[in-house]
Amino acid sequence: MGPATRDSALLTVRDLIHEVLGEWNKNLIQALLSFEEERIMRLKPSPKGAPDALKWLGEKLEEYSEEKGHHIRYQEPLLQVATVVRTDAAWLGSNLNAGLSWIVMSAEERTIGKRGASFTASVLIAEGLALREAMLDCRARGFKEV
């Protein structure tokens, strides 16, 4: 690969994402970072173009524990809502492909959604992608609470 060129020295992660599609620019990654292509393609860019940031929502001075995580997640009372969402994913580690599915059930309708996802790094990421797709589907249908 050699040293960075004048054009590539100032590139950021944002520059590796196709501006219109919001997906990795595979040709640019192959040209500049071919040795990292597989690892990069396993990551999913934010569909909103959000900047990358490291965040910790727990206590600053204390160590994390499952009990504290449970407290952080469930300190708000659960709301009763009329729309229920169920998600699932299947993942094949040998080729990094995943199948995502979701069901949205409301008083008015019951819809089933599904799609495939390639370059999925783990089963946990596949499950998260299924949840994200379900939420995007709910937003597109105008649901405010699920």
Side-chain angles (χ1 to χ4, degrees), residues 7-146:
D7 293 332
S8 68
L10 300 176
L11 288 176
T12 63
V13 172
R14 176 181 67 211
D15 299 317
L16 299 175
I17 299 172
H18 192 280
E19 194 173 322
V20 175
L21 300 176
E23 298 174 356
W24 291 115
N25 183 336
K26 193 170 181 176
N27 292 335
L28 185 58
I29 290 169
Q30 287 174 341
L32 298 175
L33 300 164
S34 59
F35 60 96
E36 292 287 354
E37 178 185 1
E38 184 178 340
R39 289 178 58 192
I40 292 170
M41 296 303 291
R42 288 182 184 182
L43 301 171
K44 300 298 180 194
S46 169
K48 295 183 179 183
D52 292 331
L54 292 175
K55 303 267 182 179
W56 172 250
L57 301 177
E59 310 279 331
K60 287 186 179 180
L61 300 175
E62 297 182 37
E63 288 191 29
Y64 175 80
S65 71
E66 186 175 334
E67 183 178 318
K68 287 180 187 165
H70 186 272
H71 175 72
I72 291 168
R73 284 196 315 257
Y74 298 109
Q75 59 190 355
E76 295 293 323
L78 295 176
L79 300 173
Q80 295 295 325
V81 294
T83 304
V84 176
V85 176
R86 306 251 189 246
T87 65
D88 196 13
W91 179 69
L92 187 58
S94 61
N95 64 8
L96 303 177
N97 285 330
L100 317 174
S101 64
W102 59 95
I103 299 173
V104 179
M105 297 171 282
S106 70
E108 298 81 31
E109 64 181 320
R110 179 176 186 232
T111 61
I112 298 173
K114 61 183 177 179
R115 80 170 192 83
S118 57
F119 296 105
T120 305
S122 72
V123 67
L124 185 59
I125 290 176
E127 294 287 350
L129 290 172
L131 184 57
R132 181 183 76 178
E133 291 298 320
M135 294 300 100
L136 291 172
D137 188 26
C138 287
R139 184 174 66 185
R141 295 175 186 281
F143 293 123
K144 302 292 184 197
E145 295 180 352
V146 293

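All residue numbers in this chain count up from 1 along the given sequence. Just so it is clear, the values below take in all heavy atoms, side chains as well, and ignore hydrogens, waters and symmetry mates.
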Looking only at non-hydrogen atoms, find the nearest pair between [X] and [Y] and report the distance.
X    : Y    : answer
L129 : A117 : CD1-CB, 4.3 Å
A130 : T87  : O-CG2, 3.8 Å
L100 : A89  : CD2-CB, 4.0 Å
F143 : T83  : CD2-OG1, 3.6 Å

Taking C-beta and beyond as the side chain, do [X] and [Y] meet within less than 4.5 Å on heavy atoms?
X    : Y    : value
L96  : E38  : yes
V85  : M135 : yes
L16  : L33  : yes
E133 : K114 : no

Tell me if the CZ atom of R139 is crowded by more than 12 foreign heavy atoms within 6.0 Å.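 Counting neighbours around CZ of R139, 12 or fewer heavy atoms of other residues, nucleotides or ligands fall under 6.0 Å, so no.
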State whether the number of non-hydrogen atoms from other residues, nucleotides or ligands found under 6.0 Å of E109 atom CD is greater than 12.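 More than 12 within 6.0 Å, yes.
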Just verifying a value: how many Å separate [X] [atom1] and [Y] [atom2], rounded to the nearest 0.5 Å?
X    : Y    : atom1 : atom2 : answer
T120 : M41  : OG1   : CE    : 10.5 Å
D137 : I112 : CG    : CD1   : 11.5 Å
Q30  : I40  : CD    : CD1   : 10.5 Å
S122 : R42  : OG    : CZ    : 9.5 Å
D88  : I103 : CG    : CD1   : 9.5 Å
W102 : T111 : CH2   : OG1   : 9.0 Å

Criterion side-chain contact (heavy atoms from CB on, under 4.5 Å) on K26 and E37, from CA distance to verdict: CA-CA 8 Å; K26 193 170 181 176; E37 178 185 1; 3.0 Å; yes
Start with the C-alpha gap between E19 and N25, add the side-chain angles, then the distance that decides, and say whether side-chain contact (heavy atoms from CB on, under 4.5 Å) holds. CA-CA 9 Å; E19 194 173 322; N25 183 336; over 6 Å; no
When you measure from the side chain of W24 to the backbone N and O of I29, does any donor-acceptor pair fall under 3.5 Å?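 Not confirmed, W24 side chain does not pair with I29 backbone.
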